[in-house]
Amino acid sequence: MPTVLVLNSGSSSLKYQLVDPGSGTALAGGIVERIGEDTGRVRHETRGQEVVRERPVADHGTALRLVLELFEEAGPSLREAGIVAVGHRVVHGGTSFSAPVVVDDDVVAAVRALIPLAPLHNPANVTGIEVARELLDVPHVAVFDTAFFADLPPAAATYAIDAKTAAEHGVRRYGFHGTSHQFVSSAVAIHPAVTAKLAAEGRDPRTLRQVVLHLGNGASASAVLGGRAVETSMGLTPLEGLVMGTRSGDVDPGIVFHLLRSGGLTVDDVDTLLNKRSGLLGLGGVNDMRELTRLVAAGDDAARLALDVYLHRLRKYVGAYAAVLGGIDVLTFTAGVGENAAVVRAGAVDGLGFLGLAVDPARNAARSREARVISPGPDAADTADTARPRPGAAAPALVMVVPTNEELAIARQTIALTG
Ligand code: AMP
C-alpha cells in the first residue's frame with residue numbers, strides 16, 4: 001500500500017494529508033497555523049482522533065519537523081504507512097509547467113522565478129518544497145494549480161492589451177483551482193448518469209460540454225469540452241472572475257486608477273481592498289456563506305445584496321460559458337459552498353431553464369458526500385416542469401454536485417509520475 005504525503009504550504013500555514021491513492025482514503029492530515037507568529041498551533045487528525053499542540057512555530061522547517069514528530073507520536077508512522085513520495089501543491093506554474101513534474105533543483109529555481117506572477121503564494125510553495133526535500137528522502141512532485149488551463153485556446157487566454165507589453169511581463173490568463181476543475185470534470189465524465197445521457201443522444205464523449213463551478217472561499221468557473229479546459233474565470237491572478245469570500249472578482253480596472261488618483265489609496269491599499277476586504281465580506285460583512293445566509297434569513301439588507309451580487313455573477317458566467325461551449329450538458333457544483341449551500345445552487349440556475357438547467361428541490365436539499373445529480377429526471381420525487389421535453393425547449397442538462405478532493409488528485413498525479 002504505497003502512500004503519498006501531500007503538502008500545501010501557505011504564507012503562514014502548512015496543510016498536509018497522508019493519502020492512499022489506491023483506495024482514495026486519507027490516513028491522517030492536519031494543519032500548522034500562524035507560522036512565524038508568537039502563537040503557533042498544529043492540529044493533527046488520524047482515525048477520528050485529534051491532537052492539538054499550541055507553541056510558537058518559527059518557520060516552515062520547524063512546522064514540518066513538528067508534523068513529522070506528530071506522525072511518529074500520534075501515528076501513523078510514515079515508514080510503516082509506506083510513504084513513497086511527497087506531492088506539493090504549487091499555485092503558479094506560469095507557461096513553464098503544463099503538467100506535474102518530479103522536483104529537482106531546476107524545478108525549484110523555475111518556481112522561484114515565477115514569484116513575480118504569484119507574490120502571495122509561490123514564495124511559500126518554494127519554502128515548503130525546500131524544507132520537505134531536506135527532511136524527507138523520497139521523490140518530490142510539484143502539481144500546479146494552473147496546469148489544467150495551460151492549454152486554454154489563445155482567444156480565451158489573451159488579454160486585449162498591447163501585445164508587446166503583455167509578452168514582456170507574462171500578462172495572460174493562467175487560471176487557478178485547476179487540480180479541482182480537472183478532478184471534478186473527470187469524475188463527471190465517467191458518472192453513469194452522464195455516460196447514459198451521451199449514449200442516449202448517440203454522442204462521442206469528446207463532445208461533452210461541461211461547466212464546473214468551484215465555489216469555496218475562493219471561487220472559479222471553468223468550461224470544459226471533452227476533457228479540455230476551454231475557458232476559466234480566474235486570470236493572471238486568482239482575483240478575476242466570480243465574487244468570492246473576500247475577493248471582488250471582476251471589476252473595471254478603472255476603479256484602481258480612480259482610487260489611486262482621487263481616493264488617496266496606495267497600491268498596497270488597493271491590493272488589500274480587492275483581495276481581502278471585498279466580495280461577500282466587503283458587501284455583507286461576513287465571508288462565510290453559512291453566516292451570510294443566516295443574516296439573509298434574518299432580514300439583513302446588506303447580506304441580501306451580497307448574495308444577489310454573488311448569484312447574479314454566477315448566472316452571468318454560466319450563460320457566457322453556454323455561449324462558449326454551444327450549450328451545456330452538465331453543470332457541476334463543488335467545494336465548500338458548492339457542495340453544501342443548496343440555496344446557492346438553486347439561485348445559480350434560477351431563470352436558466354432556457355439553457356435546459358434546473359434543480360429538483362428535493363434532490364437539491366438532500367445532503368450527501370457522494371457525487372450526485374440534482375436536476376429533475378425520471379427518478380426525481382418532484383418532477384419539475386422544466387424536466388419535461390417541450391417543443392423548442394433546450395434538451396435538459398444535468399446539474400450535479402461532485403465533492404472535490406485536491407489532495408487525492410495531487411497524490412494520484414504524484415504516484416503516476418514516480419511509479
Ligand atoms: P473551501 O474553500 O472549499 O474550503 O470552502 C470554504 C467555504 O465553504 C466556507 O467559507 C463557507 O463559506 C462554505 N461552507 C462550508 N460549509 C458550508 C455549509 N454547510 N453551507 C454553506 N456554506 C458552507
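Just follow the structure's listing: the first ligand is 1, and inside any ligand the first atom is 1.
No donor-acceptor distance shorter than 3.5 angstrom exists from the side chain of Asn287 to the backbone of Leu281, with no hydrogens or angles considered. The backbone N or O of His92 lies less than 3.5 Å from a partner atom in the side chain of Asn122, making a donor-acceptor pair. Listed for the Ser13 side chain is no donor-acceptor partner under 3.5 Å among the backbone atoms of Val32.
Counting heavy atoms from C-beta on, the side chains of Leu208 and Leu198 come closer than 4.5 Å. Taking 4.5 Å as the limit, some side-chain heavy atom of Val230 sits within range of a side-chain heavy atom of Val324.
Sorted by chain and number, the residues within 4.0 Å of ligand 1 by heavy atom are Gly216, Asn217, Asp288, Met289, Arg290, Ala335, Gly336, Val337, Asn340, Ala341.
Remark: Arg172 is positioned above the aromatic ring of Tyr174, its terminal NZ or CZ atom under 6.0 angstrom from the ring centre and at most 45 degrees off the axis.
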